[in-house]
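Worksheet: the structure to be examined is printed underneath.
Quick note on labels: first sequence line is chain A, next is B, and so on, each numbered from 1.
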Amino acid sequence: MNVTRRELLLSAGALAVASIFPPALRAQASTGTPVKGGTLTVHLGSEQRILNPSLRASTGVYIVTSKLIESLVDLDADGKIVPQLATSWSSTPDGKTVTFKLREGVKWHDGKPFTSADVQYNALELWKKHLNFGTALQLNLTAVDTPDPLTAVFKYSRPIPLDLLLRALVDLGYVVPRHVYEGTNVLENPANTAPIGTGPYKFVEYQRGQHIIAERNPNYWRAGQPYLDRVVWRIITDKSAATAALETGQVQLSSYSQLTLSDLDRLSKNKDFLVTSKGLEANQFNNTLEFNFRRKEIADIRVRRAIAHSLDTAFFIENFLYGQGKPATGPIPSTSAAFYPDGSKVAYPFDKKRAEALLDEAGYKRGAGGVRFTLTLVPIQNGEDVPLLATFIQQSLDEVGIKVEIVNYDIAGALSAVYKEHKFDIATGWHQYRGDPAVSTTVWFRSGSPAGAPWTNQYGWQSDKVDKLIDDAASEIDPAKRRALYGEFVREVNDQLPILFVTERQFYSVVNRKVHNTHNTARWPSSSWHDTWVGA
Amino acid sequence: MRILSLAARRLAAALPALFIILAGLFLLLQLAPGDTVDALVAQMGGSDPTMIEQLRKHYALDQSTSVRLGDYLWRLVHLDLGQSAIYGKPVAAVILERLPATLLLMGSSLAIAFAAGMALGVIAARRVNRWPDTLISTLGLVFYATPSFWFGLMGIFVFAIYLGWLPAGGYGSVGAGLTGIAQVLDIAWHLILPTLTLALIFLAIYLRIMRTSMLEVSNLDFIRTARAKGLRDTKVVTRHILRNALLPMVTLIGLQAGTMLGGSVVVESVFALPGLGRLAYESVVQRDLNTLLGVVFVSALLVIVINFIVDMLYARLDPRITAGH
C-alpha cells in the first residue's frame, strides 16, 4: 500500500447520480397498503464464499447480507445519506475527528445489545485490516473512542472530509457483532456463513448450492417492520434457468443484470415484470478496451486513436446490447452529475478513413493480404457483453487492416494473464463506477500499482501529469476545485487514451409486479428491504 | 472364493490408477493460469495488493508446487481431503452434501435409460426393417445427436413455463418444511425433468446396442436349435436371445458411469441441482483445487465401484470370466 492509493480511496463517495433523476420518476413502486407476511424469493447467480459485508465488499455479498446486517448509513431514493445504525454525525473543524451517535434500543439477532464497542471493533479489526477497499479508506484511522455505549469517535491522523467518509460507509460501514468475532480467526469464523446482525431479517439456513433462507426479525428496531415473513435466495448459476424460474414464479427478483441481454429485453415486454435500472443508480459500469503499452505499435498514440476511431460503438450497443447503454465520453459516466465535465462528447467518433490515415501516418502500411499487424486480445470474462465486444473489436479492426486474435480464458485466468503476466496486446473488460472517480476509476490510470492487482494500471502507461491530477483531486476538499481537477483529468486521459472507455451502462433488475416498495433507494438490491412487501 | 480373489485383484489394480489420476490432475491444474485468489478477487470486484498477498499466504499459495503436492498426498493417505477454499469447511463434508443429488440423478437416469433402451431395442429388433424399427432407430438417432442442455431447456419451456406441469428447477421445494413421504415425492417431482434429460442420450445408446445384439444373437446356432425343438417364439426371445443379448448391455453400464458424471454437469446447471457435477464445475471456475481433487477422487471411486459391481455381475452371467479365460 502506498500513500497515493490511500488518498484515492479516502475521497470515496460523493454519489450525486440521483440528483439528475427527478423524485417523481423514482417513486414508481409504492402502491397500495402494505400486506404483512409472504415470502420473497430472489435469484442469486453465484455462491459466495463469505457472507460478511465487513470482510468482503461486493454486490454479490450485499444482495444477501444487507437484509441481515446493517451499515451505519444508507442512501435514500435521491442518493442522499440517511441514518441507519448511526443517527447523527459530526466532524471537528480540523477534519481529524468524526463522532457518530448510534441508534438506541438496537439488538443483535442473538439478543445482545448493539453498542459503540461493536463499531469500534469493526472499524479497527475488520474494516481497517481485512475489508477490500476498507483497508485503504481507513488507513489513517488511529483509534475509535467509546465515551458511552451510543457514541463512537473516529480519530484520524490526517483530515478526512466527512461527506467522503459517509459516502464510503454506505458500502464499507457494515457492523457485525464484536462478541461473536473477538478473539477468533475472523476469516474462519462460522458466523461468516451464518451471519448475525441487527437487520430486519434473521438468518435461518444456508444450503450450499441450493438456497439461503432468512425470516422476519420480530425485535427489529423499525417497529412494525419488516413486512415479509421470509426472504429466500435461490442459487441458480445458469442464466436461462434463472429466467425460467422467474417466468414460472419460483423466483420474483433478479438484480444486477444477472440474466442474459436477450432475456432482459424479452421480459421488459412482459406485463408481469418490471425491468428497471432505477434503484440501481449507485452502481454504473462501462465496457472497456485496455491497451498494453509494452507492445510498440500500441505505445504509438496514433495507433490507439486509430483503434478508437474504427469502433462504431452506437452500432455495437444497438445490435449487440439490445440498446442497453450509450457510447462513453470518458472515464466518468454522465450520471455522475458532481463530476461529469460539461459539454462532454465522444472523443473519437467512428471514422474508418481517419483510422486508416492515422495508421498509415504511424508507418503501419497494409502489407500482404491487406494486413498491417496482428494483435492478441484477451477478454476478461465478466458477463456475456465482454466476449461480444471482443468479437466486435476483432471485426472492426479487421476492416482497417489490423488482425486480431482472441485468446479466451476464464475470469481467474484472464486476470492473471492481463494483470499479473501482462500477456496481452489489448483486452476487453468491465469497469464499475462507484459514485466517485476516486473509488475505482482513477486506480486504472494512476501509475505505481504492483503487478498482480486486478483493475489497476498494469498497462505500462505512465503520465506524471495524470498522476498529479489524481493525487490532487483525491485530497481536495473544496467540491468546485475537485470537480475542475477531474474535468482536467478526463480531458487529459481522453487525449492520451491509455484506456478506451467504450460504453456507459446501467445495471438492470427484473422484479415481479406482485412485489411492492422495490427500487426505492439508489442501491435498492443492496439495501435492507425493511418496507418491501408482496401482494396477491 | 474365485469371485473374492477376482474382487481383490480388481481393487488392487484400482489403487495406482487413483494415485495417477489425482497427482496428474494436481499437476495439470498448475498449468491453468490464475489461482484461487485471482478467482476470489474477481468475485469481490477488486482488492488491494497487500490483501491479495495476505490471501495467498492464507491459502498456502506462496508454497512451491512440489511442497503442496506432497502435502496433499500425505493428507490423502490419512483419508483427509483437506479444506475447501470456497466453502470454508472440510471437502469431505461438502462432497457428502452434494453426493445424494448426483447419485439419485445418475441412478434413476441409468435405470430409465437401461429399461426403456432395452424395451425399445427388443421391439426394434423384433420388427427389424419395418416401420417400428425405423421409427425407434430414428428417434434414437435424434436423442443421441441432440445436446442435453437443449433438451433440458426445451423441457423447461414446454413443461414448466408453457404447460406449468413441472417445476423449472431446484432440488425440492425451498423451505416448505416437508418430511417423510411428502419430501420424497417432492424431490421426485423436481427430478422428473432432469432425469429424463440425462437419460435420453444414454437411452439412445442402450437401444442401439440392444437392437444390434438381439439381431446378432438371433442368428446364432443355438437359437436355430431352440426353434427347431419347436419352442414358441416368445419363449425363444425371453429365455435364449434376451439373456445372451444382455451381456454387452451390462458391460456398457460400467463404461457409461463416467460419462454420466460428465453429463450431470450440464443437467445440474440447467436445473439448478446441488450435485457433484456442478460442484466440480464451480471448483474449476473458482480454482478451488482441494474441492476439485476431492470430487475427482470420489467420482473415480464411484466409477471403480460401479465397474467392480459390473465385473462381479458379469462373472455370474458368464462363468468363463472367473476362470480367467
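- With chain A as partner, the option from B:Ala272, B:Ala42, B:Ala39 having the largest number of non-hydrogen pairs under 4.5 angstrom is B:Ala42.
- A side-chain donor-acceptor contact under 3.5 Å links B:Asp288 to the backbone of B:Ala85.
- At a 4.5 Å heavy-atom cutoff, A:Gln207 makes no contact with chain B through either its backbone or its side chain.
- Side chain to side chain, A:Tyr62 and A:Asn283 fail the donor-acceptor criterion of an N or O pair below 3.5 Å.
- Between chain B and the residues A:Ser58, A:Ala412, A:Ser416, A:Gly209, the largest count of heavy-atom pairs under 4.5 Å involves A:Ala412.
- Salt-bridge check for A:Arg266 with A:Glu247: passed, with a basic side-chain N closer than 4.0 Å to an acidic carboxylate O.
- Looking only at heavy-atom pairs under 4.5 Å with chain A, the residue among B:Asp35, B:Leu273, B:Thr36 that has the most is B:Thr36.
- When each of B:Val284, B:Val37, B:Ile161 is checked for heavy-atom pairs under 4.5 Å with chain A, B:Ile161 comes out on top.
- Neither the backbone nor the side chain of B:Glu53 comes within contact range of chain A; no heavy atom of the residue lies under 4.5 Å from a heavy atom of that chain.
- Heavy-atom distances place the side chain of A:Glu188, and not its backbone, under 4.5 Å from chain B.
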Assess the residue pair B:Thr291 and B:Ser283 against the criterion (side-chain hydrogen bond (donor to acceptor under 3.5 Å, both in side chains)); give the C-alpha distance rounded to whole Å, side-chain angles, the decisive distance to 0.1 Å, and a yes or no. CA-CA 6 Å; B:Thr291 308; B:Ser283 319; 4.8 Å; no
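- Here A:His130 is the residue among A:Lys423, A:His130, A:Lys239, A:Lys129 with the most heavy-atom pairs under 4.5 Å with chain B.
- In this structure a side-chain-to-backbone donor-acceptor pair under 3.5 Å is present from A:Thr288 to A:Gly429.
- Looking at A:Arg216, its side chain never comes within 3.5 Å of a backbone N or O of A:Val231 through a donor-acceptor pair.
- In this structure, the side chain of A:Lys420 does not engage the main chain of A:Ala451 through any donor-acceptor pair within 3.5 Å.
- Contacts of A:Ala57 with chain B are made by backbone atoms alone, with heavy-atom separations under 4.5 Å and no side-chain atom involved.
- Of the two parts of B:Leu55, only the side chain, counted from C-beta on, holds a non-hydrogen atom closer than 4.5 Å to a non-hydrogen atom of chain A.
- Looking at A:Gln258, its side chain never comes within 3.5 Å of a backbone N or O of A:Leu44 through a donor-acceptor pair.
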Set out, in order, the CA-CA distance, both residues' side-chain angles and the distance that settles salt bridge (Lys or Arg N to Asp or Glu O under 4.0 Å) for B:Glu97 and B:Lys89, then state yes or no. CA-CA 12 Å; B:Glu97 278 173 15; B:Lys89 53 182 176 179; 2.7 Å; yes
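- Contacts of A:Glu421 with chain B are absent, with no heavy-atom separation under 4.5 Å from either backbone or side chain.
- No donor-acceptor pair under 3.5 Å is formed between the side chain of A:Gln210 and the backbone N or O of B:Pro274.
- Within the 4.5 angstrom heavy-atom criterion, no atom of B:Ala101 approaches chain A.
- At a 4.5 Å heavy-atom cutoff, the contact between B:Gln54 and chain A is made by side-chain atoms alone.
- Using a 4.5 Å cut-off between heavy atoms, A:Leu187 contacts chain B through its side chain alone, with no backbone atom that close.
- Of the listed residues (B:Ser269, B:Gly152, B:Ala32, B:Gly164), the greatest number of heavy-atom pairs within a distance under 4.5 Å of chain A belongs to B:Ser269.
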